[in-house]
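In what follows, every chain begins at residue 1, and chains take the letters A, B, ... in the order their sequences are listed.
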Protein chains: 2
Amino acid sequence: MDACTTLGAKFEDWQALGLDEERCPVRNLLDQIGDRWSMLLLAALAGGPKRFSALARAVPDISKRMLTQTLRMLEVSGLVHRDVQPTVPPSVTYSLTPLGRSFAGPLLGLVDWAETHFAAVVEARAQAKKAA
Amino acid sequence: MDACTTLGAKFEDWQALGLDEERCPVRNLLDQIGDRWSMLLLAALAGGPKRFSALARAVPDISKRMLTQTLRMLEVSGLVHRDVQPTVPPSVTYSLTPLGRSFAGPLLGLVDWAETHFAAVVEARAQAKKAA
DNA sequence: TCCATAAGTCTCTATCTGAGACTTAGTCTA
DNA sequence: TAGACTAAGTCTCAGATAGAGACTTATGGA
């Protein structure tokens, strides 16, 4: 059974359970960490702990607001650890928890797909634009 | 080299290239298909072609507006094929293209992670709430 | 003396999302 | 024969969300 068929079968199962946001793991996690900033920040932290300002520099066009918000959410969900040094000015370091590190595998799968098929997507978009 | 280290190394590379939305495959694709509806619709279509109304039923709380919009975007990016039967009322069937099917693998990786670690995330959230 | 720094918060505005009415034309129902 | 229903959307309006940029605090450097 190929991945596509397996995925299709799984989707049927979720549907049977109502695809509820609370109970369906996939719905729930897609709603929370299935946005561009979460994934990008997890990738940024995969290389090792980083401070708030280092993350802001690492992901240039995220606003401070979204950076704070996303990190807090990842912390609450147990993927990221926040370590505050009570100096003045405060020094805050973010790192992946073991749970966060376990996410690197699937995320890497996504990343590899993106790098492999990016050209095809760009080509498809160009075709679509020409046809329009 | 484990996935986490590999991912960290890749992120360094992207950073070196400026993490530009146009040129960086990962940024670009996360921005486009890295939202809950895209992933959910791709999973819904993994099992086979579906009509518009079937998709609307399959993903209960997506609005028609987002359903249309997301499908169009996936079509433009070459992941989904849209087939219109010019009857009245029109009958429109959506299916995955080969490119779309190739995405099932990585997506399945994500899904498996979600199912495996959902309990841990729920537990982490409960702890966080208790601490607050 | 004035600026810069770290890690945010706050406010205001711009953008995005969702809910729900409306469309077309043929078939089904009363 | 009138009215209802269907499919696959589009359109508008209100509400939610994201981003830009000012502000904070205490300290060290030019």
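Remark: A/Y94 is in phosphate contact with C/dG8, judged by side-chain N or O atoms under 4.0 Å from OP1 or OP2. Taking only side-chain nitrogens and oxygens, B/W37 never comes nearer than 4.0 Å to OP1 or OP2 of C/dC16. Neither OP1 nor OP2 of C/dA7 sits under 4.0 Å from any side-chain N or O of A/R57. For the OP1/OP2 pair of C/dA7 and a distance below 4.0 Å, the side-chain nitrogens and oxygens of A/S53 include at least one atom meeting the criterion.
Nearest to the side-chain atoms of A/F52 among the listed nucleotides C/dG8, D/dG19, D/dA7 stands C/dG8. Taking only side-chain atoms of A/R82, from C-beta outward, the nucleotide of C/dA7, D/dT10, C/dT9 with the closest atom is C/dA7. Closest to the side chain of A/T68, from the set C/dG8, C/dC10, C/dA6, is C/dG8. In this structure, the nucleotide among D/dA18, C/dA7, D/dA8 sitting nearest to the side chain of A/K64 is C/dA7.
Rounded to an integer number of Å, the gap from CE of A/M66 to C1' of D/dG21 is 17 Å. If you take CD of A/Q85 and C1' of C/dA6, they are 13 Å apart, rounded to a whole angstrom.
Between the side chain of B/T68 and the backbone N or O of B/K64, at least one donor-acceptor pair lies under 3.5 Å.
Under the 4.5 Å side-chain criterion, counting only non-hydrogen atoms from C-beta, B/V122 is not in contact with A/N28.
For A/P90 and A/R65, each mapped to the nucleotide of DNA chain C holding its nearest heavy atom, the one lying further toward the 5' end belongs to A/P90.
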